[in-house]
Number of protein chains: 2
Amino acid sequence: MFTARIYITLKSGVLDPQGEAVKKGLAALGYECVKEVRVGKYLELRLDAPDTASAQAQVEEMCRRLLANPVIEDFRVEV
Amino acid sequence: MFTARIYITLKSGVLDPQGEAVKKGLAALGYECVKEVRVGKYLELRLDAPDTASAQAQVEEMCRRLLANPVIEDFRVEV
């Protein structure tokens, strides 16, 4: 059983309204020091696989097919 | 200028319906090898701070006050 950690982030240049909202919320609490906020997703998967390399390959395929939107998002997988 | 990475995860034991939905979606695509999915948030902050330690402390305070729900979520900060 392997644990895969997936980090999905918006590509740079893609507008992030959620991040802007978080930045405004932080500024309203007094944290004007925050200049930029980008919000992404973090997933933890537990999966069966014969070895680390094939787990990594499978999870990357899952990201391309379902978990991330390759048009606007980048992803990174750690097994 | 520092970059802080924030990982917010549901505490273990807290139901994760979004993770269950992702697991079912993966199973429908043929990935029955996936036994568990937990969905969390990932944030990147760019902020001004005098040094790494104070950036870390400030971002942890932001997490407690706004970014995470300490009742059901854990967070981890890397500066």
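For clarity, every value in this text was computed on a predicted model and none was experimentally measured. Residue numbers start from 1 in every chain, and the chains themselves are labelled A, B, ... in the order their sequence lines are given, proteins ahead of strands.
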Highest number of heavy-atom pairs under 4.5 Å with chain B among A:Arg46, A:Met1, A:Lys23 belongs to A:Arg46

Cluster question for you: counting only ILVMFWY and a side-chain heavy-atom cut-off of under 4.5 Å, with indirect links fine, are B:Phe2 and B:Leu45 together? yes

Using heavy-atom distances under 4.5 Å, tell me whether B:Leu67 contacts chain A through its side chain, its backbone, both, or neither. side chain

Given that the side chain runs from C-beta out, which part of A:Thr3 has a heavy atom under 4.5 Å from chain B: side chain, backbone, both or neither? neither

What are the residues of residues 51-63 of chain A, in order of number, with any heavy atom under 4.5 angstrom from a heavy atom of chain B? A:Gln58, A:Glu61, A:Met62

Give the interface residues of residues 33-42 of chain B toward chain A, defined by a heavy-atom separation under 4.5 Å. B:Cys33, B:Val34, B:Lys35, B:Glu36, B:Val37, B:Arg38, B:Val39, B:Gly40, B:Lys41, B:Tyr42

Quick one: ring pair (Phe, Tyr, Trp, His ring centres under 6.0 Å) pairs with a partner in residues 59-79 of chain B, sequence neighbours left out? none

Atom of A:Leu66, atom of B:Val22 and distance for their closest heavy-atom approach: CD2-O, 4.3 Å

Looking only at the side chains, is there a donor atom on one of B:Tyr7 and A:Arg5 sitting less than 3.5 Å from an acceptor on the other? no

Common cluster, A:Tyr31/B:Val79, ILVMFWY with side-chain heavy-atom separation under 4.5 Å: yes

B:Ile72 reachable from B:Leu15 in the ILVMFWY side-chain graph, under 4.5 Å edges: no

Listed by chain and number, what are the side chain to side chain contact (heavy atoms under 4.5 Å, CB included) partners of B:Lys11, not counting sequence neighbours? B:Val14, B:Asp74

Within this structure, what is the CG-CG distance for the pair A:Asp16 and B:Leu43, rounded to the nearest 0.5 Å? 9.0 Å

